[in-house]
Amino acid sequence: MNISYLTLKEISHHKLQFLLGLLAVTTAVTTVVAVMFAMRAFDLQTEKIVAEQEEKVTKEMNRLENEMRKITKGLGFNIYIFPEGQNLNEVYAEGYASKTMPESYVTKLAKSDIVTVNHLLPSLTEKIEWKEHKRTIMLIGIRGEIPMMFGAPKKPLINPVKEGGAILGYELHNSLSLKQGDTITIKDRQFTIQGCNKKRGNIDDISIWINLSDAQEMLNKKDKINAILALECNCSSVDRLAEIRQELTAILPGTTIIEKESKALARAEAREQAKRTAIKQIKSIKQHRSVMKNEKNKISNTTTTLIVILAMGFIAYLTFMNVKERVSEIGILLAVGNSTPTILVLFMARAVIMGISGAVVGIVTLIGFYYIFVDKIFAGVLLTDLFDYREVALLLIAAPLLTCAAAWLPAFSASQKDPAAVLRHK
Amino acid sequence: MSVVIKDLTKTFSTTDGVVTAVENINFEIQPGEFVGVHGPSGCGKSTLLLMLGSLLKPTTGSVEINGVDLYSLNNRQRTNFRADNIGFIFQEFHLIPYLNIHANIMLPSVAKAVQGADERATELAEKFNLSARISHVPSTLSVGEKQRVAMARALFLSPKLLLADEPTGNLDQENSHIILDHFKQFADDGGIVIMVTHDAFALKAVARTIAL
Ligand SMILES: Nc1ncnc2c1ncn2[C@@H]1O[C@H](COP(=O)(O)OP(=O)(O)O)[C@@H](O)[C@H]1O
Ligand SMILES: [Mg+2]
């Protein structure tokens, strides 16, 4: 015969008392796990809200980017690359560069792995007399966009002009009553009007865009260009001009690079601002949720602690009652030659069994609860999201430990009983 | 195996002052003796018995059993000594309510593992005429049966000294007789029985009396 035999027999004899203790453990475990479930569910909800918000922001960013692309298309480019030795005063005064550079420069640039620039547009511009209509115009030869070799393909920002085609600035087609499909003559050369631009309120209004090769022939500048327009789209760096200059001059040494006054830049900055605001907003949501969580935590910690303490107090009381009922047993066990520690073990074994079975019942109850209400309360939440196996193991250890702690004092007092006092007949 | 008591005194300090339960007692008991210790209620019989049984430390004096001074042993040694040598019987039986008779008889095997414990318990049940009750719990037994269970339990580890505190206190004459016969037989087999009692009938059965 051993202690475990005695313990099990005693438990089955004092069923009600034992079940009350077990109920206390179960209540405490259930509370702890339920609070854990609730906190997990709250976290999951937070994640969902933040994810939704982030998705919204991403969508909004994409929308802004698209909008910007559209706007930028109308606004033109914002970086000029001019030939080596070009006097900028002259450019500002005349609106174009007098020096030229090989057209191959743009190909060279396009083949480089430059990341700051996304769109390249070579041009050959010259102010000429449109003697057919007796006025001064800007003749601009463009080749359309040169695709970059590296990086993701981008939607072109400018539509090329076909050979023999021309696009007219607002002032020109408006005053001469020209429209798409009409034929015009420039320097004895015939062009078909491919497009008429809207009013822009700048020199563009008196410009004519033609195909680059047409311009090169007309201006006698075969394989030459006098500017490359480039749109840099990565506006993240504050000193973006220095950044782009460094990159470009490494590939095309000697070229002069200036930044055009740019509404696109303002747009990009607005977009950056919007992004920062959105990030701030998400951060503030997270912060708010974490404050809420802290409050919830405080409340649930208090509740849990209170219930655990109450359960422990109740178990201590029940164990005390159990000891009181069993003093005669303690006396005889000592009389037949058992030691004091054996008595302690006898009562602690009971606490261990109570703790483990209480925890098991509690966990099983909650799992049952989960499956019963899986559709109503826990929709889309997996049981393993709510608690994992390590936590179950921890509970199965913590519950008997706390039960033992609660039972310790009465059990210890039982082991300290004076057998003489118990066994003396009064 | 002999029991030697020298200058044994036990006092208790209570809120009402010091109570002297046992004062300066000396005696010696040899193997095979069945001794009755008697005196009026409150004269210190139970106190003396518990001191003899290594469960209560005397204030002064010594208890030597088989040459071993009980209270010079440490707790563990004394506990083991008790399991090895002493059996107790009380007026109140002190049976364990949730164990059946068979399990109650073999209760001492919790303290000291013995080979063939089950068989030994069955044997003792037979010896004390309890075979029919072996799977019953104590609450269903008569007082006579209860005391026989307590006696069987006391003999389970084959002690050399039996200590009985008013063993017939709750029994009728017939059942007292049965218990007293078993004591006599235990002494005849070479053991020592020390029975404290104020029961005149029980005292008739003993070979030697010590008055307190
Ligand atoms: N633990 C104790 N504290 C105080 N007084 C005690 C204690 N145990 C016994 N006594 C006293 O010692 C005396 C002897 O008691 P006891 O040995 O039980 O007598 P008996 O068994 O002969 O009736 C009594 O007066 C009793 O009140
Ligand atoms: Mg007494």
Side-chain angles (χ1 to χ4, degrees), chain A residues 1-21 318-319 321-350 353-354 411-412 414-426, chain B residues 10 12 21 41-42 45-47 49-51 53-57 75-76 78-100 102-114 117-118 121 137 150 153-154 156-157 159 163 165-166 169-170 196:
Chain A
M1 192 184 287
N2 51 33
I3 294 288
S4 44
Y5 179 82
L6 286 184
T7 307
L8 293 174
K9 279 279 172 192
E10 195 274 334
I11 287 171
S12 68
H13 182 71
H14 282 126
K15 278 190 205 74
L16 184 68
Q17 203 187 44
F18 184 81
L19 283 178
L20 282 174
L318 288 173
T319 311
M321 295 308 286
N322 187 251
V323 169
K324 212 172 149 189
E325 265 176 59
R326 294 169 73 187
V327 279
S328 154
E329 181 186 339
I330 295 166
I332 199 67
L333 280 169
L334 290 169
V336 299
N338 285 292
S339 61
T340 308
T342 305
I343 305 299
L344 188 62
V345 170
L346 182 66
F347 286 93
M348 294 315 277
R350 198 169 168 277
I353 295 171
M354 187 182 284
F412 184 72
S415 74
Q416 297 304 301
K417 286 253 181 291
D418 178 8
V422 174
L423 297 170
R424 172 187 299 110
H425 171 62
K426 287 182 189 97
Chain B
K10 180 70 188 177
F12 295 104
S41 184
K45 300 185 295 294
S46 294
T47 306
L49 198 83
L50 291 166
M51 287 193 287
S54 78
L55 287 169
L56 183 64
K57 196 175 161 63
N75 282 340
R76 176 147 289 282
R78 197 157 50 244
T79 302
N80 290 338
F81 185 90
R82 191 156 63 237
D84 288 339
N85 297 287
I86 305 172
F88 289 92
I89 291 140
F90 301 95
Q91 181 176 349
E92 309 285 70
F93 323 127
H94 295 300
L95 300 180
I96 297 191
Y98 56 82
L99 295 180
N100 67 21
H102 187 259
N104 260 290
I105 292 173
M106 61 191 284
L107 186 72
S109 67
V110 175
K112 190 182 166 191
V114 279
D118 275 324
V137 289
R153 179 182 63 194
F156 186 82
L157 293 177
L163 298 175
D165 190 350
E166 310 274 8
N170 283 325
V196 306

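Reminder, nothing fancy here: chain letters follow the sequence lines and each chain counts from 1.
B:Val137 has its side chain out of reach of A:His13: every pair of non-hydrogen atoms, C-beta onward, lies at least 4.5 Å apart.
Of the inter-residue distances, the one linking B:Ile105 atom CD1 with A:Met1 atom CE reads 10.0 Å to the nearest 0.5 angstrom. Separating the CG atom in B:Leu55 from the CZ atom in A:Arg424 is a distance of 11.0 Å, to the nearest 0.5 Å. The line from CD of B:Gln91 to CG of A:Leu423 is 12.5 Å long, rounded to the nearest 0.5 Å.
Contact of B:Arg78 with chain A is not made at all, since no heavy-atom distance falls under 4.5 Å. Proximity to chain A (any heavy atom under 4.5 Å) is restricted, for B:Leu157, to the side chain, taken from C-beta onward.
A side-chain contact (heavy atoms from CB on, under 4.5 Å) with B:Val110 holds for exactly one of A:Leu346, A:Leu6, A:Val336; it is A:Leu6.
Under the 3.5 Å distance criterion, the side-chain polar atoms of B:Arg82 are matched with a main-chain donor or acceptor of A:Leu334.
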Legend entry - Residue pair B:Leu107, A:Ile332: steps toward the side chain to side chain contact (heavy atoms under 4.5 Å, CB included) verdict: CA-CA 9 Å; B:Leu107 186 72; A:Ile332 199 67; 3.9 Å; yes
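When each of A:Gly331, A:Ser328, A:Pro341, A:Ser12 is checked for heavy-atom pairs under 4.5 Å with chain B, A:Ser328 comes out on top. By number of non-hydrogen pairs under 4.5 angstrom with chain B, the leading residue of A:His14, A:Arg326, A:Glu329 is A:Glu329. Between chain A and the residues B:Ala111, B:Ala154, B:Ser109, the largest count of heavy-atom pairs under 4.5 Å involves B:Ala111.
Across all their heavy atoms, B:Ala103 and A:Tyr5 have their closest contact at CB-OH, 4.2 Å.
Other residues, nucleotides and ligands contribute over 12 non-hydrogen atoms within 6.0 Å of the CZ atom of B:Phe81. Remark: A:Lys9 NZ is loosely packed, at most 12 non-hydrogen atoms of other residues, nucleotides or ligands lying under 6.0 Å away.
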